[in-house]
Amino acid sequence: MGVSEEIRRAITELGFESPMPVQEEVIPYLLGNRNDVIALAQTGTGKTAAFGIPVLQRIDTRCRDTQALVLSPTRELCLQIADDLKDFSKYMGGINIVPVYGGTSIENQIRALRHGAQIIVATPGRLIDLKNRGVAKLGGVGNVVLDEADEMLNMGFSESINEIFESLPEDRNTLLFSATMSREIEKIAKSYLRNYKEIVVGSRNEGAENVNHIYYMVNAKDKYLALKRVVDYYPRIFAIIFCRTKRETQEVADKLIRDGYNAESLHGDLSQQQRDLTMQKFRQHLTQLLVATDVAARGLDVDDLTHVINFGMPDDIESYTHRSGRTGRAGKKGTSIAIIHSREKSKIRAVEKEIGKQFVQGQLPTPQEICTKQLYKVMDEIEKTDVNEDDIAPFMDEINRHFEFIDKEDIIKKMVSREFGRFLAYYADAPEIEQPSGKGGGKGDKPDRKRGERGGRRGAEQGYRRLFINLGKTDGFYPGEVMQFVNRYVDGRQEVGHIDLHDKYSYIEVPERDAERVMRSLDGTRYRGRDVRCNDADDTSAASRGGSRGGARGGQRGAGRSFDRFDRGPARSGGGGAFSRFDKKQKGRKAGGDDFGGGDTGDWRQFFQNDSVKLKGEEPDFSEEGWARRKPRKK
């Protein structure tokens with residue numbers, strides 16, 4: 001394939017025997033000049049070596065200038081890539097690879113870059129900081145790699161990527177690696193890649209071939225109990241448990257630790273030192289269960305992961321693809337388990353359609369099945385315990401005297417009970433887990449759709465309220481940006497439940513007790529030059545249905561728009577429907593996503609003046625009679 005002797009020697013020592021499919025496709029092509037590539041491949045298929053080997057081989061070690069740049073979405077992935085590249089370049093003299101990322105001292109990174117770094121592996125935010133300080137000089141970069149590009153976009157790094165590319169030379173190779181091919185990825189490709197080759201390993205957006213997909217459906221209140229049963233049924237489990245929020249991640253980890261499991265949490269509220277220590281323990285198999293958010297666990301490469309457990313389905317298919325890709329790596333088998341409630345059944349079907357693989361609906365193991373599995377594990381461990389005769393010999397006389405009046409059978413019972421007693425005690429009186437109905441009518445769950453709604457909009461989870469925000473994907477409003485936006489304007493740690501993103505608007509769920517405070521904090525703020533409207537999603541939907549045949553769909557189109565488009569009238573714009581009922585109940589309230597102010601005539605007049613609504617003819621009559629006589633303008 002044209003790989004140099006020095007690199008071949010290093011990768012042979014690492015255990016490489018033959019190239020994986022993505023490496024066979026990518027490496028020879030990237031060893032040429034001006035060969036831009038989009039490579040679509042699942043995690044665990046050897047992507048780092050696919051771009052790392054040709055990038056290393058193209059480095060001129062006699063020159064200390066930066067010649068290659070690798071961008072990654074997270075600190076953990078940044079460090080992992082840098083470590084892999086250092087392993088591949090073990091026998092290449094004079095090469096310096098520097099990882100730069102946030103959450104740690106920038107001074108140390110500045111000193112490292114000033115010594116000369118032919119390859120910089122970076123997260124976008126820290127790289128821009130170093131570039132603006134004049135330390136990271138990108139004028140000589142010949143190869144640029146965007147690893148996990150889809151996740152960088154989901155985390156809201158699109159503007160940062162644009163800023164970085166403006167500092168790069170035109171004559172460069174651009175390599176874009178992603179597990180999925182979204183419209184955003186295609187947009188980046190058109191902007192920054194020239195005559196690129198698309199290399200697909202497997203098929204687009206498919207799940208890892210070596211991964212089995214299973215889901216267990218339970219009531220929302222029973223999700224943790226179901227998680228315990230799944231973990232207990234696999235005594236030798238080594239898994240990542242994915243949660244949607246930092247708070248949920250910490251709560252699940254705390255419960256597992258309290259119940260005697262070997263678990264740790266990994267999320268953005270931890271310091272970099274804590275995250276590094278947690279990952280080190282997990283990679284060394286000192287921790288059995290890692291409870292993590294999607295962002296914190298992005299791109300992690302851990303050997304021999306047996307399971308990925310989804311504590312609820314993520315909000316988008318790409319996140320599930322990346323989650324399940326943590327297991328079933330390098331040709332090994334793995335299992336992806338989803339613990340869901342009935343309203344998430346549609347997400348399972350959407351993932352099946354996208355990845356072309358079927359989920360199996362599992363039945364939670366019974367207490368008897370779990371205890372049997374755990375008993376066999378204890379017996380197996382006792383049987384396989386190595387005995388060092390020399391070390392134990394001096395103590396055997398005392399041990400024999402201590403146990404001489406106890407039968408062999410009693411000793412065995414005591415040994416097994418000591419190791420196995422926790423499970424027996426718990427499952428002797430384990431809480432019952434009710435099976436919800438397949439249509440979403442199980443106890444403790446709400447139905448998939450509220451009565452009278454259209455468009456498939458679901459209600460909030462029990463104890464939560466669903467809020468409307470007039471920002472969507474076209475505004476760069478992705479899950480990472482949503483959380484940053486909430487944290488910026490809402491005081492204290494705010495729990496956020498489901499995030500439902502659309503192109504021009506979004507819904508978020510927050511605990512019922514926090515809903516009014518969150519709406520007050522977010523409504524009227526600014527986001528990338530836009531006025532933000534945040535209100536109760538049910539109020540938005542109800543307003544939109546006033547006189548609009550479009551129902552909830554009309555409200556979603558009309559909500560959040562300024563009144564310079566109101567004259568289309570309630571028959572066309574769901575958001576406008578609320579205006580016609582202003583005199584009844586809407587004074588001083590927000591309806592259809594817009595703030596009506598105090599509701600008196602002066603406020604209405606001021607609103608039209610400030611928003612520059614073009615009204616022809618005489619000054620408008622804002623009285624109730626005048627408003628009733630008003631005729632909508634023609635288009």
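Index from 1, following the sequence. A quick note: this is a predicted structure, and the numbers were derived from the prediction, not measured.
A 4.5 Å side-chain heavy-atom check between I499 and M483 finds at least one atom pair inside the cut-off. Here the side chains of V486 and V510 are not in contact, with every heavy-atom distance at 4.5 Å or above. For the pair K473/S506, no side-chain contact is recorded, criterion being any heavy-atom separation below 4.5 Å from C-beta on. Residues Q284 and Q280 are in side-chain contact: their nearest non-hydrogen atoms beyond the backbone lie under 4.5 Å apart. In this structure the side chain of F16 reaches within 4.5 angstrom of the side chain of Q23, judged on heavy atoms. Within the 4.5 Å cutoff, the side chain of R229 has heavy atoms near those of the P367 side chain. At least one side-chain heavy atom of L522 sits under 4.5 Å from a side-chain heavy atom of V490. Looking at heavy atoms from C-beta onward, E352 lies out of side-chain contact with H213 at the 4.5 angstrom threshold.
Here K377 does not pair with D380 in a salt bridge; the nearest charged N to carboxylate O distance is not below 4.0 Å. For K413 and E409, the salt-bridge test passes: some basic side-chain N is under 4.0 Å from an acidic carboxylate O.
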* Please lay out, stage by stage, how Y216 and D222 fare under the test side-chain contact (heavy atoms from CB on, under 4.5 Å). => CA-CA 11 Å; Y216 297 100; D222 293 329; over 6 Å; no

* To do: Output, in order, the C-alpha distance, side-chain angles, deciding distance and verdict of side-chain contact (heavy atoms from CB on, under 4.5 Å) for Q80 and R283.
  => CA-CA 12 Å; Q80 185 175 297; R283 284 196 174 100; 2.9 Å; yes

* Asked: Given the rule in the side-chain contact (heavy atoms from CB on, under 4.5 Å) test, do S265 and T249 qualify, once you have shown the distances and angles that lead to the verdict?
  -> CA-CA 7 Å; S265 64; T249 298; 4.3 Å; yes

* To do: Applying side-chain contact (heavy atoms from CB on, under 4.5 Å), run through F311 and F242 and close with a yes or a no.
  => CA-CA 6 Å; F311 196 73; F242 282 102; over 6 Å; no

* Candidate pair Y215 and Y320, rule ring-ring contact (aromatic ring centres under 6.0 Å, His included), full reasoning -> CA-CA 13 Å; Y215 73 92; Y320 180 84; over 10 Å; no

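Here the closest non-hydrogen pair linking T123 and Y101 is OG1-CA, 3.4 Å. A pairwise comparison of heavy atoms in A263 and L256 identifies CB-CB, 3.9 Å as the closest pair. Here the closest heavy-atom approach between residue K246 and residue G268 is recorded as CD-N, 3.8 Å. Minimum heavy-atom separation, E248 to C243: OE1-CB, 3.3 Å. When all heavy atoms are compared, the tightest approach of Q288 to P235 is NE2-O, 3.5 Å. Here the closest heavy-atom approach between residue T245 and residue V496 is recorded as CG2-O, 2.6 Å.
In this structure, the side chain of Q250 does not engage the main chain of R247 through any donor-acceptor pair within 3.5 Å. Not a single donor-acceptor pair under 3.5 Å links the side chain of E264 to the backbone N or O of T278. Checking side-chain atoms of D276 against main-chain N and O of Q273 turns up no donor-acceptor pair under 3.5 Å. Checking side-chain atoms of H307 against main-chain N and O of I309 turns up no donor-acceptor pair under 3.5 Å. Not one N or O on the side chain of K281 forms a donor-acceptor pair closer than 3.5 Å with the backbone of L286. Counting only distance, with no hydrogens or angles, the side chain of Q374 and the backbone of D232 share a donor-acceptor pair below 3.5 Å. Side chain of T306 to main chain of F238: a donor-acceptor pair is present (N/O by atom type, distance under 3.5 Å, no hydrogens or angles). R517 places a side-chain N or O within donor-acceptor distance of the main-chain N or O of D491, the cut-off being under 3.5 Å. When atom types are taken as modelled, the side chain of D536 and the backbone of L467 share no donor-acceptor pair closer than 3.5 angstrom. Although no hydrogens or angles enter the test, the distance criterion places no donor-acceptor pair under 3.5 Å between the side chain of E369 and the main chain of P365.
Interatomic distance, CG of D500 versus CZ of R466, reported as 5.0 Å (0.5 Å rounding). Expressed to the nearest 0.5 Å, how far CD1 of I370 lies from CG of L364 amounts to 8.0 Å. Between atom CZ of residue R349 and atom CD of residue E344 there is a gap of 13.0 Å, rounded to the nearest 0.5 Å.
In summary, the side chains of Q274 and S271 do present a donor paired with an acceptor at a separation below 3.5 Å, with no hydrogens or angles considered. Counting only N and O atoms by type, the side chains of Y464 and E495 include a donor and acceptor under 3.5 Å apart.
Under a cut-off of 6.0 angstrom, the local environment of CD in Q368 is sparse, with at most 12 non-hydrogen atoms contributed by other residues, nucleotides or ligands.
Classification of the H502-Y505 ring pair by plane angle, with boundaries at 30° and 60°, yields parallel.
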